[in-house]
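Some notes on the structure that comes next.
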Amino acid sequence: MTAAFYQNEVKFFVSVDCIILGFNNSELNVLLYKRNFEPLQGQWSLMGGFIKSGESIGEAASRVLTECSGIDNLFMEQVGAYGDVTRDLGERVISVAYYSLVNMNDFNPELLKEHNAEWTKLSEVPDLIFDHNQMITDTLARLKRKAATRPVGFNLLPEKFTLPQLQSLYEAIYQTPLDKRNFRKKLNSMDILEKLDEKDKKSSKRGAFYYMFNKEKYDRLLDQGFYFSL
């Protein structure tokens with residue numbers, strides 16, 4: 001009965017696209033896959049898919065992330081909706097883009113192979129299908145704003161990390177060098193890192209201490225009006 005309310009309206013397809021970002025060797029990477037169906041079969045694309053019946057937009061994005069990673073409940077946030085009339089060569093498709101920040105080492109390599117997917121440095125991203133390059137550009141702009149006020153960058157690191165690794169990550173996000181002294185001074189003033197007794201000695205004989213992000217402490221501080229700023 002309710003279907004009759006909109007029977008004269010045009011129907012569109014709705015999809016999700018996921019900008020999955022990882023961090024390796026001081027560079028941000030994005031997960032791309034080679035499209036195995038038409039239109040534009042064989043060209044590079046973001047991970048994505050159509051929304052299924054009975055599925056919300058967020059649930060669809062979460063499903064796509066889980067299917068390509070083998071991991072549940074990954075961090076993700078909506079970037080925006082893309083609905084240019086001619087954006088998809090197949091049909092009229094409106095896509096809602098989400099970005100996710102992940103630890104690349106957690107991804108199942110067999111699943112990546114199954115999806116014909118691979119990590120690509122942001123500096124080496126090729127021409128992608130439709131408006132996917134624009135989605136990446138919009139994601140990076142959003143990530144810069146978000147990283148300045150929330151500790152989202154820790155999603156890109158392993159559980160244990162060094163301060164040089166952390167600074168290198170934020171330099172990759174902001175795409176600019178950061179002063180070492182000021183960076184560490186800000187970190188110390190926030191008191192949200194736990195210093196471990198263990199050291200990483202791969203980069204130097206002296207080594208650098210490992211740290212862990214204390215999310216519980218951060219959440220308590222947030223309730224007290226704490227403002228993250230890097």
Legend entry - Contacts of Y211 that satisfy ring-ring contact (aromatic ring centres under 6.0 Å, His included) - sequence neighbours left out: none
Heavy-atom side-chain contact between [X] and [Y] under 4.5 Å:
| X | Y | result |
| --- | --- | --- |
| L101 | L143 | yes |
| L112 | W119 | yes |
| D200 | P164 | no |
| M135 | L128 | no |
| L46 | V30 | yes |
| I173 | F23 | no |
| L187 | L166 | yes |
| L221 | D191 | no |

Sidechain-backbone polar pair: [X] side chain, [Y] backbone, donor-acceptor under 3.5 Å:
| X | Y | value |
| --- | --- | --- |
| R142 | Q78 | yes |
| H132 | S45 | no |
| T162 | F209 | no |
| D179 | N182 | yes |
| H115 | E67 | yes |
| E171 | L178 | yes |
| D127 | W44 | no |
| T66 | S62 | yes |
| K52 | A60 | no |
| R92 | K11 | no |

Applying the 4.5 Å side-chain criterion to the ILVMFWY set and letting contacts propagate, would [X] and [Y] be lumped into a single cluster?
| X | Y | result |
| --- | --- | --- |
| L65 | L28 | no |
| F130 | I94 | no |
| I71 | V152 | no |
| V64 | V102 | yes |
| V79 | I57 | no |

Any chance you could measure [X], atom [atom1], to [Y], atom [atom2], to the nearest 0.5 Å?
| X | Y | atom1 | atom2 | result |
| --- | --- | --- | --- | --- |
| S69 | M47 | OG | CE | 9.0 Å |
| T120 | N29 | OG1 | CG | 7.5 Å |
| L163 | K195 | CG | NZ | 8.5 Å |
| R150 | N155 | CZ | CG | 13.0 Å |
| L169 | N24 | CG | CG | 11.5 Å |
| S15 | I51 | OG | CD1 | 7.0 Å |

Crowded around [X] [atom1]? As in, over 12 foreign heavy atoms under 6.0 Å?
| X | atom1 | value |
| --- | --- | --- |
| K199 | NZ | yes |
| E159 | CD | no |
| K215 | NZ | no |

Inset, instruction - With side-chain contact (heavy atoms from CB on, under 4.5 Å) as the test, would you mind laying out the steps for I129 and L89 before giving the verdict? - result: CA-CA 10 Å; I129 66 168; L89 302 181; over 6 Å; no
Closest non-hydrogen atom pair, [X] against [Y]:
| X | Y | result |
| --- | --- | --- |
| Q41 | N36 | NE2-O, 3.5 Å |
| A117 | L31 | CB-CD1, 4.1 Å |
| E194 | K217 | OE2-NZ, 3.7 Å |
| A97 | I19 | CB-CD1, 3.8 Å |
| D88 | P39 | OD1-CG, 4.1 Å |
| C18 | A61 | SG-O, 3.9 Å |

Inset, instruction - Starting from the C-alpha separation in whole Å, work towards a yes-or-no answer on side-chain contact (heavy atoms from CB on, under 4.5 Å) for I20 and C68. - result: CA-CA 10 Å; I20 305 170; C68 70; 3.6 Å; yes
Legend entry - Other ILVMFWY residues reachable from F13 by side-chain steps of under 4.5 Å: F50, V93
Inset, instruction - Please report the C-alpha distance between Q175 and L140 in whole Å, then the side-chain angles of each, then the deciding distance to 0.1 Å, and finally whether the side-chain contact (heavy atoms from CB on, under 4.5 Å) criterion is met. - result: CA-CA 10 Å; Q175 298 178 356; L140 293 177; 4.1 Å; yes
Legend entry - Y82 vs D138, side chain to side chain donor-acceptor pair (under 3.5 Å): CA-CA, chis, key distance, verdict: CA-CA 11 Å; Y82 296 77; D138 294 345; 2.7 Å; yes
Inset, instruction - Output, in order, the C-alpha distance, side-chain angles, deciding distance and verdict of side-chain contact (heavy atoms from CB on, under 4.5 Å) for I192 and F213. - result: CA-CA 6 Å; I192 56 174; F213 173 57; 3.8 Å; yes
Inset, instruction - Measure centre to centre between the rings of F161 and F154, then say whether the value is under 6.0 Å. - result: yes
